[in-house]
S.K.: 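If you scroll down you'll find the structure; I have some questions about it.
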Amino acid sequence: MEFVLFDSERKWKEFLPLTYTRPIADIRFGILTIREKWEKYLKLKCRVYSQTYLSNKFPFPQTDSGIFISSNICPNDALVKEIKKLNKNEALFQNQTLIAFNGNIENINRSNKLIQKQFKGTLLYLENICDIFRKNGEAIQEDFKFLTKGKKSAPIKSSVKIIGKRSQVFFEKGVVAEACTINTHSGPVYVAKEAEIMEGSAIRGPFYLGEHSALKLNTKIYGPTSIGPHSKIGGEVNNCVIFGYTNKAHDGFIGNSVIGEWCNLGADTNSSNLKNNYANVKIFNYLNEKMTDTGLQFCGLIMGDHSKTGINTMLNTGTVVGVGANIFGGGFPPTHIPSFYWGGADESETYKPEKLFETAEKVFARRGLKFNETEKELLTHIFSLTTKYRNY
């Protein structure tokens with residue numbers, strides 16, 4: 001039986017621009033991506049079903065039938081048990097929310113024709129893009145319990161000051177950390193293999209630091225925050241999710257934000273996360289194609305893959321940046337910055353894909369990776385897909 005994590009068209013648009021370059025299942029939420037969570041619970045590989053153009057990089061199902069799971073939903077023991085019990089043409093719901101079904105791909109848009117069963121247990125899921133940081137603390141807590149069960153942390157040096165329960169700090173093999181402070185009163189701290197926490201850094205959980213990532217000298221981390229693999233982070237970070245392969249290596253503040261992969265925030269980049277009048281923050285929503293009230297007082301920056309800021313960049317509350325944008329100059333740029341944007345507050349032009357490719361090749365090489373034809377084809381398609389937003 002094949003297990004498939006599927007994106008509905010509506011839900012996929014809800015998570016743009018992050019999902020221009022990935023299915024929802026490959027969003028990092030907590031310690032793991034949603035796909036990684038399901039694979040660890042099911043103890044097998046899961047495929048995804050999303051936008052057709054993503055299939056070259058993210059393999060689609062080999063058959064049309066199997067157990068299909070909504071890709072915005074996280075697993076737990078009780079949920080996995082109920083999903084495995086589904087018979088052919090049965091679907092599992094919680095109230096009106098579709099969780100999973102046993103059937104064919106065609107049933108994705110016809111789940112109301114299936115035999116419906118109700119799941120009465122707890123459910124952690126992403127309803128919209130802001131949930132990635134808003135619910136991240138709960139996701140870290142759940143992942144921490146699952147990943148550390150029956151395991152012992154690698155040794156932690158005596159120069160690391162732990163405030164709270166030591167059992168709530170877990171280091172994987174090869175972690176380098178000295179003369180830093182870790183506070184677990186608000187949640188656990190998980191540091192993956194070969195990661196480094198430099199001297200003077202202060203961390204409040206819940207917090208996750210991915211493998212081969214580093215917190216630079218005197219970094220300040222307020223949880224809930226997740227930093228994916230191969231990232232360098234400095235300055236002040238509050239309640240953010242950084243997917244991985246991204247640098248914010250210098251001073252500057254970001255809060256209540258989600259940053260994709262292969263991004264770089266230049267020195268002293270600052271993103272506001274609270275309006276001066278304390279009103280709810282509005283952000284550009286790709287599903288409705290207009291500014292939409294988040295219902296949140298705190299909301300900072302949403303940034304798609306391969307986007308970058310120059311030094312001293314200032315970003316307004318609720319700024320949404322697409323894929324492959326390059327932002328620089330004085331003043332505040334627009335709060336909706338389309339994909340392949342080049343410029344700042346005063347003037348802008350289109351960032352040609354070929355120029356982005358030149359930079360990406362160098363950035364990938366720094367991580368020992370190759371920027372291949374699959375990546376180029378993906379970004380070229382996104383360039384065409386997002387043309388309508390570049391109306392400057």
Side-chain angles (χ1 to χ4, degrees), residues 2 4-7 12 15-29 32-36 38-39 45-62 71 192-195 210-214 227-232 241-249 258-265 302-309 321-327 337-342 350-387 389-390:
E2 188 163 36
V4 181
L5 301 170
F6 74 90
D7 296 348
W12 177 80
F15 292 93
L16 292 173
L18 302 172
T19 45
Y20 275 133
T21 47
R22 62 177 57 76
I24 295 170
D26 289 290
I27 287 174
R28 187 168 303 282
F29 180 47
L32 305 166
T33 66
I34 296 173
R35 190 209 295 249
E36 288 169 343
W38 281 104
E39 290 182 341
K45 292 292 183 182
C46 295
R47 290 184 181 265
V48 295
Y49 184 75
S50 186
Q51 299 295 301
T52 303
Y53 77 87
L54 292 170
S55 61
N56 286 339
K57 184 174 179 180
F58 304 93
F60 277 17
Q62 294 177 319
S71 56
K193 65 181 181 181
E194 309 296 335
E211 61 185 62
H212 298 283
S213 287
I227 297 168
H230 299 273
S231 299
K232 294 179 181 178
V241 177
I242 297 172
F243 287 178
Y245 296 92
T246 282
N247 288 344
K248 179 202 170 299
V258 186
I259 313 295
E261 293 184 337
W262 305 108
C263 297
N264 188 79
L265 302 184
I302 308 293
M303 178 176 276
D305 290 7
H306 295 282
S307 287
K308 296 170 175 58
T309 65
V321 180
V323 173
N326 201 310
I327 309 157
I337 298 174
S339 298
F340 298 92
Y341 174 103
W342 177 280
T350 298
Y351 188 18
K352 299 296 184 184
E354 295 77 16
K355 290 296 183 181
L356 187 151
F357 297 165
E358 290 176 9
T359 300
E361 286 174 357
K362 297 172 185 175
V363 173
F364 271 56
R366 283 162 56 93
R367 301 297 207 289
L369 299 173
K370 182 175 176 57
F371 183 72
N372 56 30
E373 289 302 316
T374 300
E375 298 288 348
K376 291 179 182 179
E377 290 172 6
L378 178 64
L379 290 168
T380 300
H381 185 87
I382 295 166
F383 180 79
S384 298
L385 200 62
T386 58
T387 299
Y389 299 112
R390 291 186 294 275

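Heavy atoms only: backbone and side chains are in, while hydrogens, waters and symmetry mates are out. Start at 1 with the first residue, then count along the sequence.
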S.K.: Under 3.5 Å, side chain of Y53 to main-chain N/O of Y20, donor-acceptor pair present?
M.R.: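 Side chain of Y53 to backbone of Y20, a donor-acceptor pair under 3.5 Å: yes, one is there.
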S.K.: What is the distance from atom OG of S213 to atom NZ of K232, rounded to the nearest 0.5 Å?
M.R.: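 Separation between the atoms: 10.0 Å.
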S.K.: Give me the atom names and distance for the closest heavy-atom approach of S55 to T52.
M.R.: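 Closest heavy-atom pair between S55 and T52: OG-O, 2.8 Å.
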S.K.: Is there a side-chain contact between I302 and P17, using heavy atoms and a 4.5 Å cut-off?
M.R.: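 A side-chain contact under 4.5 Å exists here.
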S.K.: What distance do L378 atom CG and H306 atom NE2 have between them, rounded to the nearest 0.5 Å?
M.R.: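 If we round to the nearest 0.5 Å, L378:CG and H306:NE2 are 7.5 Å apart.
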S.K.: Indicate whether the side chain of T33 and that of D26 have a donor and an acceptor atom separated by less than 3.5 Å.
M.R.: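 On atom types as modelled, these side chains do not qualify, holding no pair under 3.5 Å.
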S.K.: Kindly compute the distance separating CD1 (I242) from CZ (R28), expressed to the nearest 0.5 Å.
M.R.: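 The CD1 atom of I242 sits 11.0 Å away from the CZ atom of R28.
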S.K.: Just distance, no hydrogens or angles: give the donor-acceptor pairs under 3.5 Å from side chains in residues 353-365, sequence neighbours left out.
M.R.:
| from | atom 1 | to | atom 2 | distance (Å) |
| --- | --- | --- | --- | --- |
| E361 | OE2 | K376 | NZ | 3.4 |

S.K.: Within the distance-only criterion (no hydrogens, no angle test), does the side chain of N264 pair as donor or acceptor with the backbone N or O of K308 below 3.5 angstrom?
M.R.: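 Judged by distance alone, no pair lies under 3.5 Å.
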S.K.: Looking at M303 and L18, what are the two nearest heavy atoms and their distance?
M.R.: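 Looking at all heavy atoms of both residues, the closest pair is O-CD2, 3.5 Å.
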S.K.: Could you tell me whether a side-chain N or O of R47 sits under 3.5 Å from a main-chain N or O of F60, the two making a donor and an acceptor?
M.R.: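 Looks like yes, one N/O pair under 3.5 Å.
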S.K.: Is the shortest side-chain heavy-atom distance between R35 and F58 below 4.5 Å?
M.R.: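 In contact.
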S.K.: Roughly how far, to the nearest 0.5 Å, is SG of C46 from CD of E2?
M.R.: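 Rounded to the nearest 0.5 Å, the CD-SG separation comes to 9.0 Å.
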S.K.: Donor-acceptor pair, distance only, cut-off 3.5 Å: does the side chain of T21 make one with the backbone of T19?
M.R.: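 Such a contact is absent between T21 side chain and T19 backbone.
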S.K.: If every non-hydrogen atom of P61 is compared with every non-hydrogen atom of V48, which pair is closest and at what distance?
M.R.: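 That would be CD-O, 3.3 Å.
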S.K.: So how far is it from Y49 OH to F6 CZ, rounded to the nearest 0.5 Å?
M.R.: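 It comes to 10.5 Å.
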S.K.: Side chains of F371 and L379, heavy atoms from C-beta outward: is any pair under 4.5 Å?
M.R.: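 SC-SC contact between F371 and L379 confirmed.
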S.K.: More than 12 foreign heavy atoms under 6.0 Å from NZ of K57: is that the case here?
M.R.: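 Counting neighbours around NZ of K57, more than 12 heavy atoms of other residues, nucleotides or ligands fall under 6.0 Å, so yes.
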S.K.: Do any N or O atoms from the side chain of D7 and from the backbone of W12 form a donor-acceptor pair under 3.5 angstrom?
M.R.: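 No, because the side chain of D7 does not come within donor-acceptor range (under 3.5 Å) of the backbone of W12.
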S.K.: Without swapping roles, check the side chain of N372 against the backbone of T374 for a donor-acceptor pair under 3.5 Å.
M.R.: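 Side chain of N372 to backbone of T374: a pair is present.
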S.K.: What are the two closest heavy atoms between S307 and G322, and how far apart are they?
M.R.: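 S307 and G322 have their closest heavy atoms at OG-O, 2.7 Å.
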S.K.: Considering non-hydrogen atoms only, spot the tightest contact between A192 and G210 and give its length.
M.R.: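 Nearest pair, atom of A192 first, then G210: CB-C, 3.7 Å.
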S.K.: Given the ring of F383, does R390 sit roughly above its face, with NZ or CZ under 6.0 Å from the centre of the six-membered ring and within 45° of the axis?
M.R.: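 Pair R390/F383 counts as cation-pi.
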S.K.: For F340, is there any backbone N or O sitting under 3.5 Å from a side-chain donor or acceptor partner on T350?
M.R.: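 Side chain of T350 to backbone of F340: no pair is present.
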S.K.: Looking at every heavy atom in both N56 and E377, which two are closest together, and how far apart are they?
M.R.: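 Between these two residues, the closest heavy atoms are ND2-OE1, 3.8 Å.
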S.K.: Could you walk me through whether E194 and E211 satisfy the side chain to side chain contact (heavy atoms under 4.5 Å, CB included) test, starting with their C-alpha distance in whole Å, then the side-chain angles of each, then the deciding distance to 0.1 Å, before giving a yes or no?
M.R.: CA-CA 6 Å; E194 309 296 335; E211 61 185 62; 5.6 Å; no
S.K.: For L369 and Y245, what are the C-alpha separation, side-chain angles and deciding distance, and is it a side chain to side chain contact (heavy atoms under 4.5 Å, CB included)?
M.R.: CA-CA 11 Å; L369 299 173; Y245 296 92; 3.8 Å; yes
S.K.: To the nearest 0.5 Å, what is the distance between CD1 (I34) and CZ (R22)?
M.R.: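 So the CD1 of I34 and the CZ of R22 are separated by 11.5 Å.
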S.K.: Side chain of T246, backbone of C263: donor and acceptor closer than 3.5 Å?
M.R.: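 Here the side-chain-to-backbone pair exists.
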